[in-house]
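Working notes, beginning with the structure itself.
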Amino acid sequence: MSVPTLKMTLRLRLLFAASAGFGLIAVLLGVGALFPAVGHAIGKLSIPKGVDQLLGGADYGTITGWYRSEVGSIYGPLLIAAVAIISASASTAGEEEDRILGLVLAHPVERSRLIVAKAVAIAAIVVVLAIGCWVGLIAGVALAGGGITVGHLAAYCLQLALFGFATGSVALAIGAGTGRRSLANGASAAVAIIGWLINGFAPLVSAISWLKYLSLFYYYDGNDPLAHGVDIANVIVLGAAALLLTAVAAISIKHRDLHA
Amino acid sequence: MSTQPVIATSGLSKDYGSGRGLFGLDLEVGRGEVFGFLGPNGAGKSTTMRLLLDLIKPSAGSAQLLGLDSVNDSLAIRRRVGFLPGDLALYPKLTGRAVLDYLAELRGGVDRRLRDSLVERFDADLDRPVRQLSTGNRQKLGLIQAFMHEPELLILDEPIAGLDPLVQQSFHALLGEVSAEGRTVFLSSHTLSEVERVTDRLAILRQGRLVVVDSLENLRKVAVQRLEIEFGEPVDANEFRALPGVTEAHAEGSTVIVGFEGPADAVVKAAAAHEVRAIRPYEDDLEDIFLRYYRTDDPA
């Protein structure tokens with residue numbers, strides 16, 4: 001791994017990630033503060049099954065279901081995926097399109113080591129966000145009156161971080177393999193959104209319910225870590241997906257021409 | 001000192017389709033040479049440099065730098081080479097100092113005193129973000145990063161682009177010192193005065209193919225010769241156009257300018273049929289030489 005590249009990538013991206021992290025903490029505090037006032041009332045609402053499934057199929061009347069629907073189903077993964085995708089594509093295809101990568105790779109650094117450094121930087125960024133999320137959840141749940149253990153919050157944040165890393169690795173692989181920033185951003189976002197839709201709708205139709213296993217979202221949220229804690233199998237699948245995609249990125253950039 | 005060429009390419013090609021790219025480049029550059037690489041836009045100069053640094057892969061042929069294969073030994077080569085790209089881009093939000101620190105770290109560190117001396121020599125601004133720097137000041141950073149590890153070979157694509165005359169002078173002096181130390185410079189340029197001033201030999205590319213490799217002195221020798229012949233009265237230039245070896249002839253009042261290749265015998269004899277007041281050589285300037293090689297309708 002190229003340590004100077006890791007440090008440089010973190011230097012260029014951490015401010016963006018930290019800003020997103022502070023925003024996430026603010027949202028988590030707000031969601032916690034709202035629960036005592038509206039949580040029980042919303043819990044009695046009748047919501048169409050499809051929409052309910054997209055929001056995690058949780059009971060909004062409980063603090064666990066409240067956070068799962070408000071943060072776990074959309075805001076948390078959306079934010080971490082967006083930060084990971086933008087960071088991964090900017091630090092690979094973005095630098096190539098900006099003609100910086102050509103100069104960097106004229107120095108004695110192997111392309112694969114450079115990509116591994118970028119992947120580690122993305123992992124560090126999602127970990128920072130996940131820690132911010134954990135802190136925000138602890139404070140938010142306390143504001144809401146408690147009801148989720150710190151361990152379960154940590155389990156959720158672990159699976160969130162791995163989901164972010166895996167989604168960012170999709171952008172890393174496409175960015176490194178093609179050198180096209182818009183393609184890396186667009187295709188990775190599509191993978192995340194389609195995964196979210198599949199995870200929400202596939203279980204409603206028994207014939208295609210197996211499709212949920214193709215969605216990264218399923219491994220992030222399927223076992224409801226806020227309620228049940230960490231799922232080792234899901235963690236392994238997300239981690240393995242991220243590592244596999246990083247390997248694809250490292251190999252694919254090795255043998256292709258850099259764009260002028 | 002080794003006599004092995006520092007750069008040796010054999011049939012080096014990169015085919016982008018539609019006639020674009022580089023085709024069958026055979027070239028040798030010796031140790032301590034300052035070698036000019038010329039050609040119109042799109043001729044393949046930058047493509048050649050990117051091939052040498054393994055930024056792109058050859059479609060055919062091979063290249064050796066410092067005795068190493070450009071593809072298989074790329075990492076070892078890049079340790080010993082300094083590169084300035086023609087379209088230099090740096091991290092816009094970072095200061096020049098941060099950029100140079102990063103690039104130095106990629107090399108495992110450089111001699112700080114050498115870097116500082118280059119900064120002083122080029123009067124580079126290291127404290128402002130790159131996006132606030134002028135083209136010339138960014139180019140200074142590009143030159144410093146290319147030279148700061150004392151590479152054995154420098155590959156410089158349009159190195160003086162955007163530099164003011166004083167900095168150009170510093171750069172040319174630096175090239176002289178580098179060459180005197182036995183290090184090699186391979187540079188492309190559109191600035192003919194620079195080529196004339198700093199290069200020992202040069203190559204001209206046209207449409208991806210090597211047209212000529214020679215010293216400037218020899219190129220001048222084989223260039224089309226011209227005579228300016230002043231007659232006692234106006235003479236029809238067509239008399240000269242039909243002569244063997246004559247490439248052009250035109251009259252300006254009672255003076256005829258005749259361009260020809262090979263011996264001047266036929267031209268002088270034809271002129272002697274008239275009253276000749278004076279014959280003066282009409283030397284091609286550098287631009288004429290290059291334009292002749294650049295022209296696509298010229299079979300040179």
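Since the structure is predicted, the reported quantities are computational estimates derived from the model, not experimental observations. Proteins get letters first, then strands, A, B, ... in listed order; numbering begins at 1 in each.
With chain A as the partner, the residue from B/V71, B/V81, B/L75, B/L53 showing the most heavy-atom pairs under 4.5 Å is B/L75. The greatest number of non-hydrogen atom pairs below 4.5 Å with chain B, out of A/D98, A/V3, A/L12, is found for A/L12. The candidate from B/L84, B/T47, B/I155, B/I56 with the greatest count of non-hydrogen atom pairs under 4.5 Å with chain A is B/I56.
The backbone N or O of B/G182 sits nowhere less than 3.5 Å from a side-chain atom of B/R31 that would complete a donor-acceptor pair.
Heavy atoms of A/R256 lying under 4.5 Å from chain B belong exclusively to its backbone. Using a 4.5 Å cut-off between heavy atoms, B/K93 makes no contact with chain A at all. Looking at B/I77, there are no atoms closer than 4.5 Å to chain A (heavy atoms on both sides), in backbone or side chain.
Taking 4.0 Å as the cut-off between side-chain N and carboxylate O, B/D101 and B/R112 count as a salt-bridged pair. A salt bridge is absent between B/E120 and B/R115: the closest approach of a Lys/Arg side-chain nitrogen to an acidic carboxylate oxygen does not fall below 4.0 angstrom.
When each of B/K57, B/R50, B/K14 is checked for a salt bridge (Lys or Arg N to Asp or Glu O under 4.0 Å) with A/D257, only B/K14 meets the rule.
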- Item | Intermediate values then yes/no, side chain to side chain contact (heavy atoms under 4.5 Å, CB included), B/L118 and B/L174 | CA-CA 9 Å; B/L118 287 166; B/L174 182 60; 3.9 Å; yes

